[in-house]
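These numbers come from a predicted model, not from an experiment. FYI, side chains are in, hydrogens and waters are out, and symmetry mates aren't considered; it's all heavy atoms of this structure.
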Amino acid sequence: MSISRRRLLGTGGGLVLAGAAGAGCGSNTGRDGGGKSGKPTLSQWYHQYGEPGTEQAVKRYADAFDDAHVEVQWRPGNYDQQTAAALLTTSGPDVFEVNGPTLDQIQGGQVVDLTDLLREAKDDINPAVLAPKTYEGKIWAIPQVVDMQLLYYRTSMLEDAGVEPPRTLDALVDAAKKLTTRDVKGLFLGNDGGPGVLGGTPLQAAGLELITEDGKVGFDDPAAARALGKLRQLYKEKSLLLGAPSDWSDPAAFTQGLTAMQWSGLWALPQVKKALGDDFGVLPFPKDGAHGRPAVPVGAYAAAVSARSEHKELAKAFVKWLWVEKTEYQEDFALTYGFHIPARISLAQKAAKLRQGPAGEAVRFATEHGHAEPLLWTPASKVAYQDALSRVIKGGANPESELRSVVRKTAAELRRVQNPQKKS
Amino acid sequence: MPSRLTGHRHRTLWFWIFVGPFVLGLTLFTYVPLAWSAYLSFFDAHNTVSPTRFVGLDNYTAMLRDDAFTGSLVTFLVFTAFIVPATYILSLSLALMVNRLPRAQAFFRSVFFLPVACSYVVAALIWKMSIFNGVRFGLANTVLGWFGADQIAWLSTTDPPWYWLVIVTVRLWLQAGFYMVLFLAGLQRVSPRLYEAAAVDGARPGWQVFRHITFPQLRATSVAVVLLLVINAFQAFDEFYNLLADSRGYPPYARPPLVYLYYTALGQGQDLGLGSAGAVILALIIAVVTVIQARWFGLGRKED
């Protein structure tokens, strides 16, 4: 007898179901033996930290949580894209680390309000990094550690060239030119020549802001074009290192002597110290113009809870336990593996490692000159600005007209996100 | 084989057993996303695939007015203008040379075909980090150094646009071998009698024979090769992304449409509505170009 089509499809469906059931059995056998069987499972995501030991440490913290079985996922690759895609589905994480969340993620209801978690500890969190996690008075993620970027310079190379550590943007342009020889470049701002890593920092060094407190474009000013024009000069005079094997986030170009100065993260400090001993110093991005002041970017990876989680309350409890209550874990996480500033002010002040030498100066820069990316500085504005900056630096485009179109685009974006009738 | 499974009545069954999985996959992974993307393009879909706010054609007008998007189409045109003729000439020359070898033909065929097996990602990273890096110990800069020339930051220099050299050479190296094999097959179909007749008529071997015999005889192969090259150029993503993207984004030059849309829809911005509108526009352009090309070359017309 022939098998009818319906019956065949029915059988196929049955096979699929059987397969799914089988997979379901297989996936949950992991570590249920540890006395936590019967407890719900939370999934927690981290982006891949480069420093050895970090992954083991976060798994250790997760295992110590009593009320749930926490599965840590350590995710290499484009982490922002991965989380953004996963948040659209129910199979994403319950708790996740995020270099945000973005305004659209908050407005779209993808993350849970965490204001309650910080009721007591709010004043102990670095306000510069807490501000971009706050929208309409509510807190949407708990900062884990503070990261910052700064300028490293090789003391001996500057002395040989008779150059003082630059305190103004003009001095930086001059110094980079004088330090450039046939084999060593003066300054490394990333392989793209600066637009990616510098972002709004040159504008802040010129005394401006990306977005003002009252939510307006903050760089519609002639001083902005002047500062960007000086970055063009660095490129034009061939003082910039370009096309190095590793990018700005890695201090290799600096420690291998390919460049006399490099813009990099605080995280690079232990490696620089190990390679160069005392032969280096650190500076903030130098000020420009009469109203200028030095600037460094600060930012924080923060813990957020997905709105699609099936255990929202438990996930919140876990975040509170790990990133608010367990200060010894926070200290261990910030200082034992990589080199970050703890997000808790009390911990940062206690840390001996962060007190003397270049590390101490870096912490001072972060406190006095730190700027975090505002929440209203949306990815679309950021792309428009980075594109313009790249055209100014590399293509020699007119900074004034380029900035005018960025101001237009940013103003449109601000209108979009401040428009209250938008979301259902 | 038992007769009850070979009869006429079982044709349908066997048809679905063989075709079914493929149709299912195609529907699930191609047609559903395609239709969904078209649906999203009419909505304000920030960070969601089930949007609620209908915006009509706003995403389309925004995309067409976006300089970065139109610029990416120009980038694609420039890329095609470089890569299609370059691959065509190189693979045809390789095929002609390999075809004339008296011995070791199989060896050279394999050698030139080998890069096809290399992944775009791996090749792009080798090009970026060891051959065309911008410092003094990169391969290209070492060669320049022998002649006393300055080092060049290949991927960061926009004036002159050296990055095109890197982008075009990596694809050329990767795909020339594949098209060489197509041309070799075409060359072997040319009847030796034509060459004999030409020799009798006094045609000089070399250019004259190539111009009047070989090249016209390769017409069908050439049409297929050019079509494939253009479609592949439209799909260019891997080498651009791996050569030029960094953790902070992508520079505003050498940004083909797919890379731009990737950042719009799937980057931090997650503007799926706008990205989908761009994808629909791009799909329409590809369809129109392919139809025009097919008409022009007479694809599918009966060979005479």
Less than 4.5 Å to any heavy atom of chain A: does that hold for the side chain of B:Y250, its backbone, both, or neither? backbone
Sort A:L241 into side chain, backbone, both or neither according to what part of it lies under 4.5 angstrom from a heavy atom of chain B. side chain
At a heavy-atom separation under 4.5 Å, does B:D150 approach chain A through its side chain, its backbone, both, or neither? side chain
Who among B:S156, B:G134, B:A153, B:G20 has the most heavy-atom pairs with chain A under 4.5 Å? B:S156
Heavy-atom contact with chain B under 4.5 Å, split by part of A:T378: neither
Heavy-atom distance under 4.5 Å to chain A: side chain of B:I152, backbone, both or neither? neither
With distance as the sole criterion, is a donor-acceptor pair present between the side chains of B:Y262 and A:Q81 under 3.5 Å? yes
Could you check whether the rings of A:W377 and A:Y385 sit parallel, tilted or perpendicular, using 30° and 60° as the cut-offs? perpendicular
Check whether A:D80 gets within reach of chain B through its side chain, its backbone, both or neither, counting any heavy atom under 4.5 Å. side chain
Let me know if B:F15 has heavy atoms under 4.5 Å from chain A in its side chain, its backbone, both or neither. neither
Should the pair B:F42 and B:Y60 be assigned to parallel (<30°), tilted (30 to 60°) or perpendicular (>60°) ring geometry? tilted
Side chain, backbone, both or neither of A:N78 within contact of chain B (heavy atoms, under 4.5 Å): side chain
Toward chain B, the part of A:A380 with a non-hydrogen atom under 4.5 Å: neither
Residue A:P245 versus chain B: region with a heavy atom under 4.5 Å: both
So, A:K185 side chain and A:K238 main chain: donor-acceptor pair closer than 3.5 Å or not? yes
Chain B contact via A:Q105 - side chain, backbone, both or neither, heavy atoms under 4.5 Å: both
Largest heavy-atom contact set with chain A, pairs under 4.5 Å, which of B:V49, B:N141, B:L266, B:D271: B:L266
Any side-chain donor-acceptor pair under 3.5 Å between A:W263 and A:Q149? yes
Tell me yes or no: between the side chains of B:T158 and B:Y163, is some donor less than 3.5 Å from an acceptor? no
Donor-acceptor pair, side chain of B:R255 and main chain of B:T75, under 3.5 angstrom: no
A quick test of your reading: do over 12 heavy atoms of other residues, nucleotides or ligands sit less than 6.0 Å from CZ of B:F54? yes
Pairs of heavy atoms under 4.5 Å with chain A: top-ranked of B:Y263, B:W154, B:Y253: B:Y253
Can you check whether A:A85's main-chain N or O pairs, donor with acceptor, with A:T89's side chain at less than 3.5 Å? no
